[in-house]
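Along the sequence shown, residues are numbered consecutively beginning with 1.
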Amino acid sequence: MSEHPADETLQHRLERILLGGTRRYTRLEVAERAGVAQDRTRQLWRALGFASVGDDEVVFTEADIEAVRITDRLVDTGLLDRDLETSVARAVGLHMSRLAEWQSQLLWSLIADNPDLAEDEQRIGELVERLLPELELVHDFVWRRHLAAYAGRALAEPEETLEAASEVVGFVDMVGYTRMARRVDEAELSGLLERFEELATGYVAEHHGRVVKMIGDEVLFVCPSAVRAAEIALSLSEHAAADERVPEVRAGLASGRVLSRFGDVYGSVVNLASRLTSLARPGTVLVDAALADVLAGYSDYDLRRLRPVPVRGYQRLRPAALRRAGTREVTAHDDVPDGPSPSAP
């Protein structure tokens with residue numbers, strides 16, 4: 001365990017532990033020591049999600065200098081395009097800030113639940129100093145496993161580009177979440193969201209999909225396989241119907257070319273999947289015409305083409321209701337409304 005001054009406050013000690021050293025340098029000194037242009041360091045700092053600092057403010061550590069040097073080396077080797085480094089920094093900042101916020105909340109919840117620990121700043125500092133290397137190991141392990149999975153997928157499908165590939169995009173959201181959120185307390189709401197996230201991430205991972213993001217009461221995922229995407233949506237719908245802890249869900253699936261950029265997905269297929277979800281009845285999975293054509297070739301599923309419906313951005317959207325073979329037939333109740341859904345984006 002590292003030595004620290006006896007009069008060091010808890011805030012300063014935690015800061016020193018987390019930042020990998022004490023604040024010693026200004027932004028201009030970081031640029032000079034790293035051998036990188038001042039404007040570039042300012043741009044990267046803001047892209048990472050941090051507030052601008054004055055040229056004479058001493059806020060940086062040795063670790064900051066090394067991070068700038070590493071970024072510069074990645075550009076020099078050609079691994080990172082200089083035109084994209086700010087975008088990459090922004091994506092990293094967005095994802096890591098969410099992770100840091102959650103872990104901070106977890107830490108302070110642990111401290112709040114242990115009064116003896118909360119009253120002892122020395123023990124709090126020791127706890128953080130002990131846990132930080134363990135968290136770094138977990139981060140590194142998870143990152144490497146995901147990197148291996150995506151690298152393997154790219155090598156298996158060399159004809160597809162990493163930026164734009166043919167995938168199935170799916171949205172699944174909880175029905176009546178807004179009304180429910182008004183009725184329950186924070187603890188119940190947190191438990192509900194935790195259960196939904198557990199189900200969503202579990203089924204998406206089990207069927208080799210990828211969670212793009214959780215958006216409150218909704219999960220957005222992508223999957224390279226039509227059948228696996230169908231299984232994700234149907235499994236989530238079935239489990240939600242049987243689980244008293246979560247409300248019913250509805251889902252929309254669409255397939256086609258998807259632009260993937262820094263972990264998020266874009267394009268008309270994403271918009272179409274969102275529109276289909278807004279049209280779906282509780283407990284229903286709607287798919288677009290292209291995906292319906294593919295799934296129609298599998299005996300495990302029943303599909304019923306529904307009447308065309310006008311939706312903003314699509315003049316005559318004609319979805320299909322997807323169910324497992326042998327389940328009850330789609331009835332008029334399961335059909336889409338005559339016009340656009342009031343909640344359609």
Side-chain angles (χ1 to χ4, degrees), residues 1-77 79-112 117-140 143 261-264:
M1 188 173 300
S2 62
E3 296 295 328
H4 55 87
D7 61 349
E8 187 178 29
T9 66
L10 175 61
Q11 179 180 352
H12 288 156
R13 186 180 178 195
L14 293 182
E15 184 178 273
R16 175 178 52 78
I17 295 170
L18 296 172
L19 296 182
T22 57
R23 298 175 185 260
R24 299 174 55 188
Y25 304 105
T26 66
R27 184 184 62 80
L28 299 182
E29 289 172 333
V30 169
E32 181 181 0
R33 288 174 178 267
V36 176
Q38 296 174 11
D39 289 345
R40 189 166 160 217
T41 60
R42 182 193 294 113
Q43 189 176 31
L44 288 173
W45 179 253
R46 294 189 64 182
L48 286 169
F50 302 120
S52 299
V53 296
D55 291 347
D56 58 348
E57 292 186 61
V58 180
V59 298
F60 299 101
T61 69
E62 291 284 354
D64 292 306
I65 295 174
E66 183 59 23
V68 173
R69 287 174 177 156
I70 291 172
T71 302
D72 194 47
R73 287 201 298 269
L74 291 175
V75 172
D76 288 342
T77 59
L79 182 62
L80 181 61
D81 191 316
R82 186 178 295 274
D83 293 336
L84 292 178
E85 69 174 354
T86 302
S87 297
V88 171
R90 187 179 302 112
V92 171
L94 287 171
H95 290 291
M96 296 306 292
S97 66
R98 294 184 63 188
L99 181 62
E101 180 183 11
W102 169 74
Q103 290 176 339
S104 296
Q105 293 172 347
L106 192 65
L107 173 63
W108 295 119
S109 295
L110 173 63
I111 294 172
L117 177 60
E119 296 174 359
D120 191 337
E121 292 189 354
Q122 175 74 15
R123 289 180 60 195
I124 293 175
E126 292 173 352
L127 174 65
V128 173
E129 202 162 9
R130 187 173 70 251
L131 289 180
L132 189 61
E134 303 297 329
L135 285 174
E136 289 177 336
L137 288 174
V138 172
H139 293 169
D140 187 64
W143 169 68
R261 188 174 186 272
F262 302 116
D264 210 338

A.B. asks: Take a 6.0 Å sphere around CD of Glu32 and say whether it holds more than 12 heavy atoms from other residues, nucleotides or ligands.
C.D. replies: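 Counting other residues, nucleotides and ligands, CD of Glu32 stays at 12 neighbours or fewer.
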A.B. asks: Please determine if Arg69 and Glu66 form a salt bridge, counting it only when a charged side-chain N lies under 4.0 Å from a carboxylate O.
C.D. replies: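 The answer is yes: the pair qualifies as a salt bridge.
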A.B. asks: Give the minimum heavy-atom separation between Asp55 and Leu28, together with the two atoms involved.
C.D. replies: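 It is CB-CD1, 3.8 Å.
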A.B. asks: So how far is it from Thr41 OG1 to Asp64 CG, rounded to the nearest 0.5 Å?
C.D. replies: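 Answer for the OG1-CG pair, Thr41 versus Asp64, is 10.5 Å.
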A.B. asks: For residues Val68 and Val36, report the shortest heavy-atom separation together with the two atoms involved.
C.D. replies: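 Reported closest heavy-atom pair: CG1-CG2, 3.5 Å.
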A.B. asks: Check this for me, if you would: do Glu15 and Arg23 make a salt bridge, where the nitrogen-to-carboxylate-oxygen distance has to be below 4.0 angstrom?
C.D. replies: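 Result for this pair is yes, salt bridge flagged.
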A.B. asks: Salt-bridged, Glu62 to Arg24, with N to O below 4.0 Å?
C.D. replies: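 Here Glu62 pairs with Arg24 in a salt bridge, since their nearest N and O are under 4.0 Å apart.
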A.B. asks: Search all heavy atoms of Phe60 against all heavy atoms of Val30 and return the closest pair with its distance.
C.D. replies: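 In this case the closest contact between Phe60 and Val30 is CB-CG2, 3.5 Å.
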A.B. asks: Provide the closest heavy-atom pair for Gly21 versus Thr61 in the form atom of the first, atom of the second, distance.
C.D. replies: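 Looks like O-CG2, 3.7 Å.
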A.B. asks: Hey, could you give me the CZ/CZ distance between Arg42 and Arg46, rounded to the nearest 0.5 Å?
C.D. replies: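 Answer rounded to 0.5 Å: 9.0 Å.
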A.B. asks: Look up atom CG in Leu135 and atom CG in Asp140, then write down how far apart they are to the nearest 0.5 Å.
C.D. replies: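 Here the interatomic distance stands at 12.5 Å.
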A.B. asks: Rounded to the nearest 0.5 Å, how far apart are CD of Gln103 and CE of Met96?
C.D. replies: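 Between Gln103 CD and Met96 CE, I get 7.5 Å after rounding to 0.5 Å.
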A.B. asks: Are any non-hydrogen side-chain atoms of Glu57 and Arg27 less than 4.5 angstrom apart?
C.D. replies: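 A side-chain contact is absent here, since even the closest heavy-atom pair is not under 4.5 Å.
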A.B. asks: Determine the minimum heavy-atom distance between Ile17 and Gly125, stating which atoms define it.
C.D. replies: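 So the two residues come closest at CD1-O, 3.8 Å.
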A.B. asks: Find out whether Glu134 and Val138 are in side-chain contact, i.e. whether some heavy atom of one side chain is under 4.5 Å from a heavy atom of the other.
C.D. replies: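 A side-chain contact is absent here, since even the closest heavy-atom pair is not under 4.5 Å.
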A.B. asks: Indicate yes or no: at least one non-hydrogen side-chain atom of Val88 is less than 4.5 angstrom from one of Thr71.
C.D. replies: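 No, every pair of side-chain atoms sits at 4.5 Å or beyond.
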A.B. asks: Grab the two heavy atoms, one from Tyr25 and one from Arg33, that are nearest each other, plus how far apart they are.
C.D. replies: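 Taking every non-hydrogen atom into account, CE2-NE, 3.2 Å.
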A.B. asks: Around Arg40, counting heavy atoms of other residues, nucleotides and ligands shown, do more than 12 lie under 6.0 Å from its CZ?
C.D. replies: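 It does: Arg40 CZ has more than 12 such atoms within range.
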A.B. asks: Rounded at 0.5 Å granularity, tell me how far CG in Leu106 sits from CG in Leu131.
C.D. replies: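 Output value for this atom pair is 9.5 Å.
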A.B. asks: First locate atom OG1 of Thr77, then atom CG of Asp72, and finally report the distance between them rounded to the nearest 0.5 Å.
C.D. replies: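 Result: 10.0 Å between the selected atoms.
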